Amino acid sequence: MPYKYQETGLNRSFGRALIRLEAWSDNPWRRYSLFIIIFLSAFIFGSSVGMLGGALALMDPVGAFFTVALIELTVRIRRIFLNQRSRVLLLNILDIARMGFLYGLFLEAFKLLF
């Protein structure tokens with residue numbers, strides 16, 4: 001017998017969060033600013049992961065494994081969202097976050113080369 005969650009105000013609010021975000025981002029300037037904030041946040045996270053992995057020099061293969069696993073997880077989640085046409089904003093947010101994360105990792109790698 002499946003358990004049905006209680007319909008509280010918080011539960012309803014979180015359930016409609018994506019719908020409210022899509023309605024808020026109908027304006028192109030708001031949408032672009034949301035994408036820039038997500039890109040820069042993911043960039044900082046990616047460069048932090050690369051910087052900490054290089055500074056500590058401990059467990060580099062394990063850190064690389066978790067980084068690749070994170071990227072693969074986002075690619076698989078993207079495939080799920082491609083089938084749902086109503087989740088275009090969430091798909092774009094996921095793509096922008098992945099690009100920012102990879103860009104941060106690449107920038108840290110290029111710093112190590114020179």
Side-chain angles (χ1 to χ4, degrees):
M1 181 168 130
Y3 179 73
K4 185 169 175 13
Y5 291 109
Q6 182 179 359
E7 280 294 320
T8 62
L10 185 63
N11 191 8
R12 284 191 302 267
S13 178
F14 279 131
R16 291 186 294 227
L18 185 62
I19 296 168
R20 286 196 316 251
L21 183 64
E22 286 178 352
W24 178 82
S25 67
D26 280 341
N27 186 344
W29 288 105
R30 288 181 181 170
R31 182 177 291 254
Y32 293 146
S33 67
L34 178 68
F35 289 162
I36 288 171
I37 290 169
I38 289 171
F39 179 82
L40 292 176
S41 299
F43 172 78
I44 289 171
F45 181 68
S47 64
S48 299
V49 166
M51 199 177 338
L52 288 174
L56 296 177
L58 297 172
M59 301 180 4
D60 285 337
V62 175
F65 170 74
F66 284 123
T67 302
V68 170
L70 178 70
I71 297 295
E72 280 296 317
L73 181 69
T74 57
V75 168
R76 291 179 191 266
I77 290 172
R78 186 183 191 281
R79 288 184 187 156
I80 293 169
F81 288 143
L82 275 176
N83 296 334
Q84 301 172 357
R85 297 291 179 208
S86 63
R87 305 284 179 148
V88 174
L89 180 67
L90 199 57
L91 181 67
N92 289 338
I93 287 173
L94 187 66
D95 287 340
I96 293 291
R98 193 175 67 225
M99 283 190 297
F101 182 73
L102 284 175
Y103 186 66
L105 285 175
F106 281 136
L107 189 67
E108 287 297 317
F110 286 136
K111 283 182 191 176
L112 293 175
L113 287 176
F114 297 109

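Model, not experiment: these values are computed from the prediction. Positions are given from 1 along the sequence.
- For the atom pair CD of Glu108 and CG of Leu52, the computed distance is 9.5 Å after rounding to the nearest 0.5 Å.
- Ile80 and Ile71 fall into different hydrophobic clusters, defined by Ile, Leu, Val, Met, Phe, Trp and Tyr side-chain heavy atoms under 4.5 Å apart, directly or through other members.
- Taking the six-membered ring for Trp, Phe43 and Phe101 have ring centres at least 6.0 Å apart.
- Closest heavy-atom contact between Phe35 and Ile96: O-CG2, 3.3 Å.
- For the atom pair Thr67 OG1 and Leu102 CG, the distance stands at 9.5 Å (nearest 0.5 Å).
- The line from CZ of Arg98 to CG of Leu70 is 10.5 Å long, rounded to the nearest 0.5 Å.
- For the residue pair Leu105 and Gly46, the shortest heavy atom distance occurs at CD2-O, 3.4 Å.
- Taking both residues in full, the closest heavy atoms of Ala97 and Ile38 are given as CB-CG2, 3.8 Å, listed atom of the first, atom of the second, then distance.
- Residue Leu40 is grouped with residue Leu107 when hydrophobic side chains (ILVMFWY) are merged at heavy-atom distances under 4.5 angstrom, including chains of intermediate members.
- The side-chain heavy atoms of Asp95 and Thr74, taken from C-beta on, include no pair separated by under 4.5 Å.
- Within the model, atoms CG of Leu90 and CD1 of Ile77 stand 9.0 Å from one another, a figure rounded to the nearest 0.5 Å.
- Note that CG of Asn92 is 6.5 Å distant from CZ of Arg31, once rounded to the nearest 0.5 Å.
- Around the CZ atom of Arg20, the shell of radius 6.0 Å holds more than 12 heavy atoms that belong to other residues, nucleotides or ligands.
- For Arg78 against Leu94, the heavy-atom pair with the smallest separation is N-CD2, 3.7 Å.
- In terms of modelled atom types and a separation under 3.5 Å, the side chain of Ser33 and the main chain of Arg30 share a donor-acceptor contact.
- The cluster map of Ile, Leu, Val, Met, Phe, Trp and Tyr, joined by side-chain heavy atoms under 4.5 Å apart, puts Met99 and Leu34 in the same cluster.
- One hydrophobic cluster, built from ILVMFWY side chains closer than 4.5 Å, cannot hold both Phe39 and Phe45; they sit in different ones.
- The stretch residues 60-86 participates, sequence neighbours left out, in no ring pair (Phe, Tyr, Trp, His ring centres under 6.0 Å) pair at all.
- Tyr32 and Ile37 are assigned to two separate hydrophobic clusters, defined by single-linkage of ILVMFWY side chains at heavy-atom distances under 4.5 Å.
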